[in-house]
Amino acid sequence: MWRVVSIGLVGVALFIGALATGALRPAPVETVSFFQRRCAACHGKDGSLFPEQFAKKYPRDTELIEVIKTMPGGDALNHEGLQAMAAYLRAISREEPYIIWTGQHEGVLEGEISPESAILKATAKRQSLKVERPAGTRWRVRLPAQVKPTDVELTAQRGTKRTRLRLKDSPYSHAGK
């Protein structure tokens with residue numbers, strides 16, 4: 001009995017420790033690719049067929065998420081995926097660049113940016129980091145040895161519109177906006 005209680009307490013302590021340290025992980029869905037595959041046929045590339053100021057019709061994320069759930073493909077998204085998609089739709093509606101961090105492997109961060117024409121810059125600890133753009137909306141940043149993902153700040157710009165994403169805060173821009 002005590003062993004089960006002890007194991008349970010250790011699990012709870014580890015969970016609380018992860019929350020306290022701000023353990024952040026990449027987003028669970030590549031929202032830009034998902035949208036292009038599942039939504040663009042009806043809503044246009046980068047939401048070009050959305051009515052002007054689409055997201056203003058749904059000022060709260062809960063309202064926008066309910067709409068997303070009713071769309072074909074919306075049922076393929078879990079709770080975190082729905083939140084990321086709502087953030088992407090807000091960016092589209094405002095015609096602002098959108099950034100999402102979707103993966104990490106051996107010191108390399110990967111993600112997506114929209115629109116494809118946006119310029120992406122990365123910094124960490126006041127140093128510029130090299131951003132690779134392997135194809136289309138994809139980006140990649142190799143981290144120096146002493147840099148953690150939570151140190152990274154990404155800035156996307158298209159024309160006069162600019163979006164900033166601090167990975168310590170969220171894996172995608174426009175979160176909770």
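Positions are given from 1, in the same order as the sequence printed here.
Counting only distance, with no hydrogens or angles, the side chain of Arg166 and the backbone of Thr150 share no donor-acceptor pair below 3.5 Å. Listed for the Asp46 side chain is no donor-acceptor partner under 3.5 Å among the backbone atoms of Ser48. Distance alone, capped at 3.5 Å, places no donor-acceptor pair between the Gln83 side chain and the Glu80 backbone.
When side chains are defined from C-beta on, Arg140 does not count as touching Val131, because their heavy atoms never get closer than 4.5 Å.
In this model, a donor atom of one side chain and an acceptor atom of the other lie less than 3.5 Å apart for Ser117 and Arg158. For the residue pair Glu110 and His105, no side-chain donor N or O sits within less than 3.5 Å of a side-chain acceptor on the partner. Looking at Glu112 and Thr31, their side chains never bring a donor and an acceptor atom within 3.5 Å of each other.
Note on ring orientation: taking the six-membered ring where Trp is involved, the planes of His43 and Phe50 are tilted (angle from 30° to 60°).
Aromatic pair Tyr88/Phe35: ring centres closer than 6.0 Å.
Checking each of Ile100, Leu109, Thr102 against Trp139 for a side-chain contact (heavy atoms from CB on, under 4.5 Å) leaves exactly one that passes, namely Leu109. Of the residues listed (Thr163, Ile113, Val32, Leu89), the one engaging Tyr98 in a side-chain contact (heavy atoms from CB on, under 4.5 Å) is Val32, and it is the only one.
The local environment of CG in Leu49 is crowded, with over 12 non-hydrogen atoms from other residues, nucleotides or ligands closer than 6.0 Å. Atom CZ of Arg133 has more than 12 heavy atoms from other residues, nucleotides or ligands within 6.0 Å.
A salt bridge between Arg138 and Glu30 is present, with a side-chain N of the basic residue lying under 4.0 Å from a carboxylate O of the acidic one. Using a cut-off of 4.0 Å between Lys/Arg side-chain N and Asp/Glu carboxylate O, Glu96 and Lys161 are scored as not salt-bridged.
For Lys125, the salt bridge (Lys or Arg N to Asp or Glu O under 4.0 Å) partners are Asp151, not counting sequence neighbours.
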